[in-house]
Amino acid sequence: MAGRTTADVPRRTRATASMADVARLAGVSSQTVSRVSNGYAGVNEETRQQVLQAMAELGYRPNSAARALKRGEFRTIGVITFTLSTTGNVRTLEAIATSAAAEGYAVTLLPVAVPTSDEVRGAFSRLEELAVDAVIVIMEVHLLDAATVKLPPHVQVVVVDSDAGDHYTVVDTDQSGGTMTAVQHLLDLGHRTVWHLAGPEGSFAAQRRADAWRAALAGAGRTAPPVVRGDWSAESGYLAGLELAAREDCTAVFAANDQMALGLLRALHERGRRVPEDVSVIGFDDIPEAGSFLPPLTTLHQDFAEVGRLCVQAVLRKMRPDGSEHGTTLVPTRLVLRQSTAPPPAVR
C-alpha cells in the first residue's frame, strides 16, 4: 500500500488514532480521509481502499457526534411504530430502513406498547434524546385516547397509514382504490354481492378498506352483507371463515389481508365449500406466500418498497429550510389474478 507504515505514526494507540494519523499512513490528505469517512463521492476506489485499510490498521473510528455538531444533523431517522406483528408494518419498516441506508441515514426504531397520546409524546422525547433528525410514524391504529393525531410541532414528521393528511405529511397505500378494484373484479365475475372479512376496528387500513367495500357495493346497487371481523391473523380468518362457510348465499369474500384469507381458505375446505367453484376469495397485500396457497390467492399487491422510499424522500424534504409540505401521497395497488376467484355456480 502507498504511504507510510504504522511505525511512522508515533505514540498513537488504536484507541487514540486521529484523522491525521490515518492520512499519514494512507499517504493522502486529511480532507480525503474526511471525504471517505463521510461517504462522499469523488474519491477514486483505489484511494478509498487505502484509506479504509489505514483506518482498520489504526482502529480509527470517525467521531460521529463531532461530525453531527459540525453539520447540524445526525444522519439518523427515528421510526415509531405500534406493532411489529403485522405484515404491513414489518415490510414498511424494512423498506424505510433500506431507503434510508441508500441515502446515507441510519434508522432508530422505537416501538410503542400502547397507542395513546402520552405514549406517543414519550416516544418523541426518547427519540430526541437519541439524537435523530426527523421521525417517521407508522400510525397503523387509532390512538385510544384521541380522535386525531397530535404530534410535537417542532419535529419534522412523516406519518404512514393514517388520516392526518391535513395536518402532516402522510404516505399510504391507496387502500380505497385497491378495495374498489377487488370488489369490482368479483362483481364483474357475476357475483350478486361480496362479503367482507374485515380487519380490527381500531385500524386505519381496516376502516378504509371496509368503507370502500361498502361504497363499491352501493355504487353498483348491491346490498352489503354484515361485516365479519378478524384481527389480521390466519387464526381469526379461520374462525370467521367457519361462520361464512355456513352461509349458502356467500359466494364471494374480500378478505382485508392475505393471512386472514389463508385461514378462510382452510375453513371453507373443512366445510366442503370449494374455492373458487363455490366461493371466490380475494385478499390484500400479495405476501410472498400468496401464490403458494391452495388455490393460489388472487390478491391486491401493495408496493411496500415504494411506500418506504416515499416516506424517506418526504422526510428528507421536510428537513430542508423550505420543507413545510402537508397532505397525502397514495401509492397505487395492483390486482394479481390467480386461481381463487371465478364466476359463481349460478353463472357457470
*Of all the heavy-atom pairs spanning Ala206 and Pro200, show the shortest one and how long it is.*
CB-O, 3.3 Å
*For Glu306, enumerate each residue passing the side chain to side chain contact (heavy atoms under 4.5 Å, CB included) test, keeping only those at least two apart in sequence or located in another chain.*
Asp303, Arg309, Leu310, Val331
*Show your working on side-chain contact (heavy atoms from CB on, under 4.5 Å) between Arg214 and Val227 and close with a plain yes or no.*
CA-CA 10 Å; Arg214 290 189 187 91; Val227 171; 3.5 Å; yes
_Using the salt bridge (Lys or Arg N to Asp or Glu O under 4.0 Å) criterion, which residues pair with Asp286? Sequence neighbours excluded._
Arg338
*Please name all residues satisfying side-chain hydrogen bond (donor to acceptor under 3.5 Å, both in side chains) with Ser29, sequence neighbours left out, ordered by chain then number.*
Thr32
*Between atom CD of Gln302 and atom CG of Asp174, what is the distance when rounded to the nearest 0.5 Å?*
10.0 Å
*asked:* Within the 4.5 Å heavy-atom criterion, are Leu335 and Ile282 side-chain neighbours or not?
replied: yes
*Would you say Ser236's side chain and Ser233's backbone share a donor-acceptor pair under 3.5 angstrom?*
yes
_Inter- and intrachain pairs under ring pair (Phe, Tyr, Trp, His ring centres under 6.0 Å), touching residues 210-233, at least two apart_ = His196-Trp213
*Polar side-chain atom of Asp258 near backbone of Ile287 as donor-acceptor pair, under 3.5 Å*: yes
*Could you name each residue pair satisfying side chain to side chain donor-acceptor pair (under 3.5 Å) that touches residues 259-271, not counting sequence neighbours?*
Thr87-Gln259, Tyr238-Glu270, Asn257-Gln259, Arg266-Glu270
*Name all residues meeting the salt bridge (Lys or Arg N to Asp or Glu O under 4.0 Å) criterion together with Arg222; count only those two or more places apart in sequence or in a different chain, and write none if there are none.*
none
*Quick one: pull up OG in Ser280 and NE2 in His185 and give me the separation to the nearest 0.5 Å.*
7.0 Å
_Co-membership, hydrophobic cluster, residues Leu110 and Val137, 4.5 Å side-chain_ = yes
*Quick one: list whatever passes side-chain hydrogen bond (donor to acceptor under 3.5 Å, both in side chains) with Thr47, sequence neighbours left out.*
Asn44
*asked:* Please determine whether residues Val43 and Met19 belong to a single hydrophobic cluster, defined as Ile, Leu, Val, Met, Phe, Trp and Tyr linked transitively by side-chain heavy-atom distances below 4.5 Å.
replied: yes
*Compare all side-chain heavy atoms of Leu217 with those of Pro225 and state whether any distance is below 4.5 angstrom.*
yes
*asked:* Measuring from atom CG of Asp172 to atom CZ of Phe204, what distance do you get when rounded to the nearest 0.5 angstrom?
replied: 10.0 Å
*Step by step, work out the side-chain contact (heavy atoms from CB on, under 4.5 Å) result for Thr193 and Thr223.*
CA-CA 7 Å; Thr193 191; Thr223 300; 5.6 Å; no
*asked:* Is there a side-chain contact between Ser340 and Pro276 in this structure, where contact means two heavy atoms from C-beta onward sitting under 4.5 Å apart?
replied: no
_hydrophobic_cluster_shared for Val171 and Ile138, side chain cutoff 4.5 Å_ = yes
*Any luck finding a side-chain donor-acceptor pair between Gln175 and Gln207 under 3.5 Å?*
no
*List the atom of Ile77, the atom of Val315, and the distance in Å for their closest heavy-atom pair.*
CD1-CG1, 3.8 Å
_Sequence-distant partners of Thr333, side-chain hydrogen bond (donor to acceptor under 3.5 Å, both in side chains), two or more places apart_ = none
*Go through the structure and list residues passing side chain to side chain contact (heavy atoms under 4.5 Å, CB included) with Arg334, not counting sequence neighbours.*
His301, Val336
*Taking side chain as C-beta onward, heavy atoms only, is Thr169 less than 4.5 Å from Val157?*
no
*Could you state the interatomic distance from CD (Glu248) to CZ (Arg273), rounded to the nearest 0.5 Å?*
5.0 Å
*For the pair Arg208 and Asp211, find out whether any cationic side-chain nitrogen is under 4.0 Å from an anionic carboxylate oxygen.*
no
*So, Thr299 side chain and Gly283 main chain: donor-acceptor pair closer than 3.5 Å or not?*
yes
*Going from CG on Leu239 to CG on Leu244, what distance comes out if it is rounded to the nearest 0.5 angstrom?*
11.5 Å
*Check whether Val22 and Leu52 end up in the same hydrophobic cluster, where Ile, Leu, Val, Met, Phe, Trp and Tyr are linked by side-chain heavy atoms less than 4.5 Å apart.*
yes
*asked:* Between Phe254 and Leu297, is there shared hydrophobic-cluster membership here, with clusters defined by ILVMFWY side-chain heavy atoms closer than 4.5 Å?
replied: no
*State, with a plain yes or no, whether a side-chain heavy atom of Leu265 is found less than 4.5 Å away from one of Leu294.*
no
*Step by step, would you call Tyr105 with Val312 a side-chain contact (heavy atoms from CB on, under 4.5 Å)?*
CA-CA 10 Å; Tyr105 281 76; Val312 171; over 6 Å; no
*With sequence neighbours excluded, what pairs up with Asp188 under the salt bridge (Lys or Arg N to Asp or Glu O under 4.0 Å) test?*
none
*Does one side chain, of Thr92 or Asn89, offer a donor that lies under 3.5 Å from an acceptor on the other?*
no
*Examine distances only and state if a side-chain atom of Thr251 and a backbone atom of His191 form a donor-acceptor pair shorter than 3.5 Å.*
no
_List the residues meeting side chain to side chain contact (heavy atoms under 4.5 Å, CB included) with Ala97, not counting sequence neighbours, and say none if there are none._
Val107
*Within the side chain of Asp133, is there an N or O that forms a donor-acceptor pair under 3.5 Å with the backbone of Arg75?*
yes
_Checking Glu45 now: which residues fulfil side-chain hydrogen bond (donor to acceptor under 3.5 Å, both in side chains) with it, not counting sequence neighbours?_
Arg48, Gln49
_Strictly distance-based, threshold 3.5 Å: is any side-chain N or O of Ser30 a donor or acceptor partner for the main-chain N or O of Ala23?_
no
*To the nearest 0.5 Å, how far apart are CZ in Arg192 and CG in Leu187?*
12.0 Å
